[in-house]
Amino acid sequence: MNVLHVVSVYSDDGSSGGPVRVASAQVDHLRADGVNATLVGSSPHARSTNRGSTRQFRGVLIPGLGPAGAFSFPLLWWVIRNIRYFDVVHVHLSRDLVTLPVALVTLVARASLVVQPHGMIDLSTRWMARIIDLTCLRRILRKADAIVALTSTEEADLREVEDSLGTVVILPNSMRLPGGVEGAARLPREVLFLARLHERKRPEMFTQMALKLIAEGDAETLFVLVGPDEGAICAPMASVEESGLSDRITWEGPIRSDRVLDRLRGAYVYVLPAKKEPFGLTIIEALAVGTPAVVTDDAALAEEIVAADCGSTFDGTVDDLARVIRRYLDDPELRERQSKTASLFVQQKYSDAGLSSRLSEIYLTAITS
């Protein structure tokens, strides 16, 4: 079987986020099981390259559109010329100018199409999103041979965009379990935010929490943001600069994908304040290396994290987030206990064993639909 995976932006510095790490892992698993899988993506900061199972095509970022403005004519032209050689095209779909055109080309070519939105598509009131939905996205969701959703909640979100979906398959994110899973937190203790610096992830809430805890007397903890800026770092860091606490609250920028687990392993606790987080690969990665995770109580994984006692939830406010983090800082035994249960939770529920078989089943369903 020949399978083509398509992502919007493929970046070596890890700035393209969780969906690319998921796609890369899927391709690796498929190839290990003898499937001829290829991953392609645009690269606004590099020349076109071809390295084994991965091809990067020169692209551009259209000003004012952020990551959604990624476009690569060389990638699109390559897909048009080569689509006949693939049995399935697996598009890691978002509202952007790389994955949407490829999905449309796949439909026009009558090739088997699998789309996986990674929680990035829900009903939006923004005028650009509404135009995209009306002109192409709804048709893609309707005509796709299979749609891979993280959870039933994501499926419901997609049905709000288009009620007549293609076949939906629930496939949660998973990962290969690393060695040395129980995290040994660095000293001084570090509270970590590691995600895209996008308004939906709410990095400003993280810095507000940090400022509050420091004002209340915390004299040691470091509060660190790691991730690429997608337009949401200026306001938080301006507040930090004004406070004179830039030595305690820092932003390190993007991180390479192969360094993510080590960075998470050394943190005292991981915080993702995103509202209604659809899944969050970094949450699973943090737990896998034994770092407790703190998420909002409406996150998709919130109930599981509390039930497994490997992290905590908060009600979405700065005050409650500060309360939860203070609890960890005041009670090292809580962190130690949850560190031990976290990796076991991931091993039992989110191991990537059998991932290739699940994907192959989805592809066969798409081919025969």
Heavy-atom check, side chain of [X] versus side chain of [Y], under 4.5 Å:
X      : Y      : result
Leu4   : Ile83  : no
Met205 : Phe314 : yes
Val191 : Tyr328 : no
Phe206 : Pro236 : no
Leu30  : Ser360 : yes
Thr207 : Ser239 : no

- Item | Verdict with reasoning, Leu171 to Leu359, per side-chain contact (heavy atoms from CB on, under 4.5 Å) | CA-CA 9 Å; Leu171 182 68; Leu359 289 170; 3.9 Å; yes
Output the distance between atom [atom1] ([X]) and atom [atom2] ([Y]), rounded to the nearest 0.5 Å.
X      : Y      : atom1 : atom2 : value
Glu155 : Leu150 : CD    : CG    : 12.0 Å
Ser356 : Glu361 : OG    : CD    : 10.0 Å
Arg142 : Leu165 : CZ    : CG    : 10.0 Å
Ser43  : Arg58  : OG    : CZ    : 7.5 Å
Thr38  : Asn2   : OG1   : CG    : 7.5 Å
Thr221 : Ile249 : OG1   : CD1   : 11.0 Å

Please check this pair: side chain of [X] against backbone of [Y], looking for a donor-acceptor N/O pair closer than 3.5 Å.
X      : Y      : result
Glu162 : Ser164 : yes
Glu154 : Gly119 : yes
Trp251 : Gly227 : yes
Asp28  : Arg31  : no

Requested in this report: Assign the ring pair Phe57 / Trp78 to parallel, tilted or perpendicular, where the plane angle (0 to 90°) is split at 30° and 60°.
Outcome: tilted
Query raised in the report: Thinking salt bridges, do Asp262 and Arg265 make one under a 4.0 Å N-O criterion?
Result: yes
> Are Glu230 and Arg200 ion-paired here, with the side-chain N under 4.0 Å from a carboxylate O?
Replying inline: no
Tested for side-chain contact (heavy atoms from CB on, under 4.5 Å) against Phe223, the lone hit among Leu213, Thr250, Leu211 is Leu213
Given the options Val102, Leu107, Asp133, Ile140 meets side-chain contact (heavy atoms from CB on, under 4.5 Å) only with Leu107
Is the [atom1] atom of [X] crowded by more than 12 outside heavy atoms at less than 6.0 Å?
X      : atom1 : value
Glu303 : CD    : no
Arg327 : CZ    : no
Glu220 : CD    : no
Arg110 : CZ    : no

*Should Ile362 and His90 be marked as a side-chain contact (heavy atoms from CB on, under 4.5 Å) after you check the CA-CA gap, both sets of side-chain angles, and the distance that decides it?*
CA-CA 10 Å; Ile362 293 170; His90 185 149; over 6 Å; no
Which heavy-atom pair separates [X] from [Y] by the least distance, and what is that distance?
X      : Y      : answer
Pro278 : Ala300 : O-CB, 3.0 Å
Val98  : Ser42  : CG2-OG, 3.8 Å
Thr151 : Phe279 : CG2-CD1, 4.2 Å
Tyr350 : Asn173 : CD2-O, 3.3 Å
Ser112 : Ile367 : OG-CA, 3.5 Å
Pro273 : Lys201 : CD-O, 3.5 Å

If Ile, Leu, Val, Met, Phe, Trp and Tyr residues are connected whenever their side-chain heavy atoms lie under 4.5 Å apart, and connections chain through other members, are [X] and [Y] in the same group?
X      : Y      : result
Leu364 : Val89  : no
Val9   : Met120 : no
Val295 : Leu194 : yes
Leu75  : Leu97  : yes
Leu355 : Val346 : no

Are side-chain N/O atoms of Thr282 and Tyr270 paired as donor and acceptor at under 3.5 Å?
yes
### Query
Any side-chain donor paired with an acceptor under 3.5 Å for Thr317 and Asp315?
yes
Self-check item: Intermediate values then yes/no, salt bridge (Lys or Arg N to Asp or Glu O under 4.0 Å), Asp122 and Lys276
Solution: CA-CA 11 Å; Asp122 55 13; Lys276 294 184 178 180; over 6 Å; no
task: Give the intermediate values and the outcome of side-chain contact (heavy atoms from CB on, under 4.5 Å) for residues Gln338 and Asp309.
output: CA-CA 6 Å; Gln338 291 189 346; Asp309 190 27; 3.0 Å; yes
- Query: Regarding Arg335 and the six-membered ring of Tyr268, is the cationic atom NZ or CZ under 6.0 Å from the ring centre and inside 45° of its axis?
  - Reply: yes
- Query: Please walk me through it: do Arg95 and Arg126 pass side-chain contact (heavy atoms from CB on, under 4.5 Å)?
  - Reply: CA-CA 12 Å; Arg95 291 183 177 101; Arg126 295 183 178 183; over 6 Å; no
